[in-house]
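One structure is given here, and the rest of the page talks about it.
Please read all numbers here as calculations on a predicted model, not as lab measurements.
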Amino acid sequence: MTERIVERNLPIVEEFRANGGRVGGPFDGASMLLLHHRGRASNAEYVSPLAYLPGSNGTMYVFASAGGRPEHPQWYRNLVAAGTAEIEVGTDRFPVSAEELSGAERDRAYAGQVERMPGFGDYERNLEGVRTIPVVALHPVG
């Protein structure tokens, strides 16, 4: 099955793969992964580049900021519906289970990402009263 990549993300995915998981530009120095998720209706495989916050025991936290847009991104909807996915980190690809965080746990992870990448704080401020940006913990499987 052929993977689908949103056109605006194609240069980021290509750079990620060409440079062993590193990208430049606004993502220079960020921890990045490629999320392989299946469309809820189509079952097509999509690839979405995401910044992540490393956690303990291999857990990675991803943030459904959608660049500050008012709606949740499709990758988030697909991931929560499926509960599992595969990710690429560096040159490795492996399965993960997904756990949506809430309350203080969600807030701590989001604050950690804002500390590493202050732009995430702007997303949250701009969306105040519109939506809370979901945080999903990705746990390696196996």
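- The side-chain contact (heavy atoms from CB on, under 4.5 Å) search around E105 returns L101, R108, not counting sequence neighbours.
- Pairs passing the salt bridge (charged side-chain N to carboxylate O under 4.0 Å, His left out) check and including a residue from residues 46-67, sequence neighbours excluded, do not occur.
- Residues satisfying the side-chain contact (heavy atoms from CB on, under 4.5 Å) test with A64, not counting sequence neighbours, are P73, W75, Y76, P134.
- Side-chain contact between V62 and L33 is present, with heavy atoms from C-beta onward closer than 4.5 Å.
- Applying the salt bridge (charged side-chain N to carboxylate O under 4.0 Å, His left out) test to every pair with at least one member in residues 67-93, sequence neighbours left out, gives these pairs: R17-E88, E45-R93, R69-E71, E86-R93.
- For the side chain to side chain donor-acceptor pair (under 3.5 Å) test, no residue two or more places apart in sequence or in another chain qualifies with E115.
- Each of V89, N9, V23 was scored for a side chain to side chain contact (heavy atoms under 4.5 Å, CB included) with F16, with one residue passing: V23.
- Considering only residues two or more places apart in sequence or on other chains, F27 meets the ring pair (Phe, Tyr, Trp, His ring centres under 6.0 Å) condition with none of them.
- Listed by chain and residue number, L79, V136, L138 satisfy the side-chain contact (heavy atoms from CB on, under 4.5 Å) test with A98 (two or more places apart in sequence, or in another chain).
- Under the ring pair (Phe, Tyr, Trp, His ring centres under 6.0 Å) criterion, the residue pairs touching residues 78-119 are F63-Y110, with sequence neighbours excluded.
- Pairs of residues two or more places apart, or lying in two chains, that qualify as side-chain hydrogen bond (donor to acceptor under 3.5 Å, both in side chains) and include a residue from residues 50-65 are T59-H139.
- In terms of the side chain to side chain donor-acceptor pair (under 3.5 Å) criterion, residue partners of R40 (sequence neighbours excluded) are, by chain and number, Q74, N78.
- Residues in residues 124-135 take part in these side-chain hydrogen bond (donor to acceptor under 3.5 Å, both in side chains) pairs, two or more places apart or across chains: H72-R131, R106-E124, D122-R125.
- Contact record, P54 with R116: CD-NH1, 3.5 Å, taken as the closest heavy-atom pair.
- Take N19 and apply the side-chain contact (heavy atoms from CB on, under 4.5 Å) test, not counting sequence neighbours, and it matches E15, R22.
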